[in-house]
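Worth saying up front: this structure is predicted, and the values here are computed from it rather than measured.
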Amino acid sequence: MENNLYVTYLLNSKKGSEFLEFFPTSLFFTIFAILLYLGFFVLVIYCIVLFIKLARRGIKAFDLYIEEKREIVSKLVHNLLYLR
């Protein structure tokens with residue numbers, strides 16, 4: 001008997017229509033959350049790309065620095081060995 005009353009209460013209640021009243025709002029926030037996550041994902045990928053570009057430039061600059069220092073050292077060694 002108790003189960004029948006509960007089923008009757010559920011059928012007569014407006015819980016379903018209350019859900020439909022708030023559905024557009026919840027749908028909006030769900031879509032907004034998904035867009036926010038996608039935006040953060042794109043931002044992270046963009047930051048990774050920028051970091052890789054920065055690292056490549058840093059490596060090139062460091063290679064140029066090493067080459068310049070090798071030239072200075074080789075000139076110094078040459079002057080010390082052959083100009084005496």
Asks: Output the distance between atom CG (L76) and atom CG (L81), rounded to the nearest 0.5 Å.
Replies: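 If we round to the nearest 0.5 Å, L76:CG and L81:CG are 9.0 Å apart.
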Asks: What's the separation between atom CD1 in I45 and atom CG in L50, rounded to the nearest 0.5 Å?
Replies: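 Rounded to the nearest 0.5 Å, the CD1-CG separation comes out at 11.5 Å.
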Asks: Do V44 and I52 share a hydrophobic cluster, counting only Ile, Leu, Val, Met, Phe, Trp and Tyr and linking them when any side-chain heavy atoms are less than 4.5 Å apart?
Replies: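 In one cluster: yes.
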Asks: Find the distance between OG (S74) and CG (N79) and round it off to the nearest 0.5 Å.
Replies: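 So the OG of S74 and the CG of N79 are separated by 9.5 Å.
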Asks: Considering only residues two or more places apart or on different chains, which pairs with a residue in residues 40-80 satisfy ring-ring contact (aromatic ring centres under 6.0 Å, His included)?
Replies: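 ring-ring contact (aromatic ring centres under 6.0 Å, His included) check on residues 40-80 returns H78-Y82.
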Asks: For the CG atom of L54 and the CD1 atom of I59, what is their distance to the nearest 0.5 Å?
Replies: 10.0 Å
